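Take a look at the structure below.
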Amino acid sequence: MNIRQLLTDKFQAAMLAAGIPADCGPIVAPAKKAGFGDYQANGAMGAAKRMGTNPRELAAKILEHLDTGDMIEKVEIAGPGFLNIHLSEAWLADRLKAAEADARLGIAPVAEPQSVVIDYSHPNLAKEMHVGHLRTTIIGDALARLLEFQGHKVIRQNHMGDWGTQFGMLLAHLSDKLENSDAEVALADLEAFYREAKVRFDDEDGFADRAREYVVKLQGGDPECLKLWQRFIDVSISHSEEIYAKLNVTLKHGDIYAESRYNEDLPVLVKELLDRGIAVQDQGAIVVFLEEMADKEGNPSPMIIQKKGGGYLYSTTDLAAIRYRANKLHADRILYVVDARQSLHLQQAFTASRKAGFLPESVSLEHCAFGTMMGDDGKPFKTRTGGTVKLAALLDEAIERAQKLVADKNPELSADECAQIGRAVGIGAVKYADLSKTRTNDYVFNWDSMLSFEGNTAPYLQYAYTRVRSIFRRAGIEPSELSGEIKLDTAEERNLAIKLCQFGEVLDQVAKDTFPHVLCSYLYDLASAYMAFYEACPGLKEGVSEEQKQSRLQLCDLVARTLAGGLDLLGIEVLEKM
């Protein structure tokens, strides 16, 4: 259910009936101030300006043609032509009653599901995952979960870096290591392994030449070299999959479609672009000059797709990936959850793909850009010694800090309970601290704020869920045993009801705009509305009628289920006990 869309449809029909041009929308939005209705339709002013008429008179004309049905109690004209919409309490109660009986909380799957490809996480298999992989992984996974919940066919694409000249160096080092140990032992610490190989490459006589020979063998398809490369890849992927499991991320082994998978298509793609005159030889390299992205002086943006020595680049692989995703995976929409610093590169890839006709115009290419995780010093997050922070170490520290916090607050909990709660709270805190920020912005990583049980944090929302569920334990009632109508007799009950009914429209907005922080803000507002309701509308105290008790407990259950559902779409667990 999407209240905003239902109202938009009603007011659009009324505007058309009033003779207003079809491209003048009603501009429906939730009311921002108490006393000004539940929603507002603000399109009369723009339409009046377009038509050269009085906005209040036009607003009145819209109301003459409005079919309020059982949804709208009344509409008031305010100011220069705002339409303040008051929803019917009976209609709200009916919607909540239907949601209470529905496992999906009244949210139907989309009428026209799409095939959506989401490119996210994409670690480099030559190194362990670090904090730079956190944002792409959890933002991408939240979008995948939400779009899947809506009924879209979501195809996760983990574009892992598993090719390139550095692998010659790594394979030469691995072949020497295997004389004394197996691959799992040799690659137990990928960062240390990489450093060792780099030192040998820089300092050891003859090693660099051996490394280059391995590159030639690898790119030439030498069976023994490919076998060695595959062992490196297998162990490296296991490192990433441990991180995904700890992060509660839905990426699986079958979602990996790494750089190497496009190797055979790269020469075909380059030849095709040359034959069609889209790419040209330039100083030994092969380049696509994009007039569509020309600078102020009119110089086209150059996109190199093959180096002078014959090597391919990320740009070549990304063009092949776009072609594969559009024509083999039959994507309607392709989302790239990639650092904002790659904006130019992706814009070039998107523009070149369109120019080359690699995908139909109907396929949407979208860069879901994100900013940088910063330290307290305002610089990109690093270790105290200035090194890269391993993602595994960051998550372990989050769990450790959360376990200590939980143990201090609840000394009666067993060690196993503390470990379980600490894991869910620690991981949830890290993920929510990121997801709750507008993804295009940089943000400061701070342990104290993200692990706080106050404010817009995961621990606060997880605890809010636990508090709601504890009411049923105290009452000795299961939600399935509740019955009777839902009554909205107080302002707090009404406010909570409207907030609960807005869950569907929030999900639609996030699916459209790809900003998960909108869902986070909604869940925090819902928890806040619940706290106001809880204080003003007791359900278990003496003097509360059975009818009121049943109604208020149904509202409590809807809050708990909506919090749990919303957090699950963000990849964050809830707990029955904290």
Side-chain angles (χ1 to χ4, degrees), residues 1-95 98 106-114 150-152 332-333 361-362 364 366 494-495 497-515 518-519 521-522 525:
M1 176 183 59
N2 185 326
I3 296 178
R4 186 186 298 194
Q5 189 59 55
L6 291 172
L7 290 172
T8 296
D9 293 344
K10 280 182 175 292
F11 277 83
Q12 186 75 69
M15 291 173 74
L16 288 172
I20 297 171
D23 58 345
C24 291
I27 313 178
V28 174
K32 294 181 179 179
K33 292 183 180 180
F36 289 84
D38 304 312
Y39 282 78
Q40 289 181 331
N42 302 325
M45 282 83 74
K49 185 176 181 181
R50 165 95 170 268
M51 298 169 69
T53 188
N54 182 288
R56 281 186 68 92
E57 291 177 3
L58 191 60
K61 195 173 180 182
I62 293 170
L63 291 188
E64 289 175 12
H65 294 88
L66 180 67
D67 175 16
T68 58
D70 60 353
M71 181 182 187
I72 300 171
E73 180 181 319
K74 64 178 179 179
V75 182
E76 299 168 325
I77 301 174
F82 297 107
L83 291 168
N84 294 340
I85 307 161
H86 299 259
L87 299 175
S88 160
E89 287 184 5
W91 183 86
L92 285 169
D94 286 345
R95 300 289 78 71
I107 300 172
V110 292
E112 298 180 2
Q114 293 182 312
Q150 287 199 313
H152 298 288
D332 299 304
R333 186 181 184 192
E361 284 298 322
S362 60
S364 174
E366 302 170 39
R494 180 184 172 82
N495 290 340
I498 291 171
K499 187 58 65 176
L500 284 166
C501 288
Q502 289 173 339
F503 188 37
E505 72 186 57
V506 168
L507 298 188
D508 286 347
Q509 183 181 344
V510 177
K512 176 177 176 288
D513 299 333
T514 67
F515 281 96
V518 172
L519 175 55
S521 297
Y522 166 79
D525 290 344

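A quick note: this is a predicted structure, and the numbers were derived from the prediction, not measured.
- Under the rule for a salt bridge (Lys or Arg N to Asp or Glu O under 4.0 Å), the partners of E366 that lie at least two apart in sequence or sit in another chain are R333.
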Inset, instruction - Report the C-alpha separation of N2 and T8 in whole Å, then their side-chain angles, then the decisive distance to 0.1 Å, and conclude whether the side-chain contact (heavy atoms from CB on, under 4.5 Å) test is met. - result: CA-CA 10 Å; N2 185 326; T8 296; over 6 Å; no
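- The shortest side-chain heavy-atom distance between L66 and V75 falls under the 4.5 Å cut-off.
- In this structure, the side chain to side chain donor-acceptor pair (under 3.5 Å) partners of Q40, at least two apart in sequence or on a different chain, are N84.
- With values rounded to the nearest 0.5 angstrom, W91 atom CH2 is found 13.0 Å from E73 atom CD.
- Contact annotation: the side chain of V28 never approaches that of I3 to less than 4.5 Å [non-hydrogen atoms, C-beta and beyond].
- Scored by the side chain to side chain contact (heavy atoms under 4.5 Å, CB included) test, N54 finds R56, E57 as partners (sequence neighbours excluded).
- With sequence neighbours excluded, the residues satisfying side chain to side chain contact (heavy atoms under 4.5 Å, CB included) with P109 are R104.
- The shortest distance between side-chain heavy atoms of K499 and Q502 falls below 4.5 Å.
- Scanning for ring-ring contact (aromatic ring centres under 6.0 Å, His included) contacts around F82 gives an empty result, with sequence neighbours left out.
- In this structure, the side chains of M51 and P21 come closer than 4.5 Å at one or more pairs of heavy atoms.
- The side chain to side chain contact (heavy atoms under 4.5 Å, CB included) test applied to V110 returns P113, Q150, H152, not counting sequence neighbours.
- Nearest approach of G43 to M15, heavy atoms of both residues: O-CE, 4.3 Å.
- To the nearest 0.5 Å, the span separating CZ on F11 from CG on L16 amounts to 13.5 Å.
- Contact of the K61 side chain with the I20 side chain is not registered, since no non-hydrogen atoms from C-beta on lie closer than 4.5 Å.
- In this structure the side chain of Q5 never reaches within 4.5 angstrom of the side chain of D508, judged on heavy atoms.
- Here salt bridge (Lys or Arg N to Asp or Glu O under 4.0 Å) pairs that include residues 7-20, with residues two or more places apart or in two chains, number zero.
- A heavy-atom distance below 4.5 Å is not found between the side chains of D38 and I85.
- With sequence neighbours left out, L92 forms a side chain to side chain contact (heavy atoms under 4.5 Å, CB included) with L87, L488, R494, I498, C501.
- Nearest heavy-atom pair across Q12 and C24 is NE2-O, 3.5 Å.
- The CG atom of N495 sits 11.0 Å away from the CG atom of L500 when rounded to the nearest 0.5 Å.
- Of all heavy-atom pairs between P55 and A48, the closest is CA-CB, 3.5 Å.
- Taking Y39 as the reference, nothing meets the ring-ring contact (aromatic ring centres under 6.0 Å, His included) condition, with sequence neighbours excluded.
- Every side chain to side chain donor-acceptor pair (under 3.5 Å) that H86 has, sequence neighbours left out, goes to E76.
- Residues I77 and L83 are in side-chain contact: their nearest non-hydrogen atoms beyond the backbone lie under 4.5 Å apart.
- For D23, the salt bridge (Lys or Arg N to Asp or Glu O under 4.0 Å) criterion is met by R50, not counting sequence neighbours.
- Residues passing the side chain to side chain donor-acceptor pair (under 3.5 Å) test with D332: none are found, sequence neighbours excluded.
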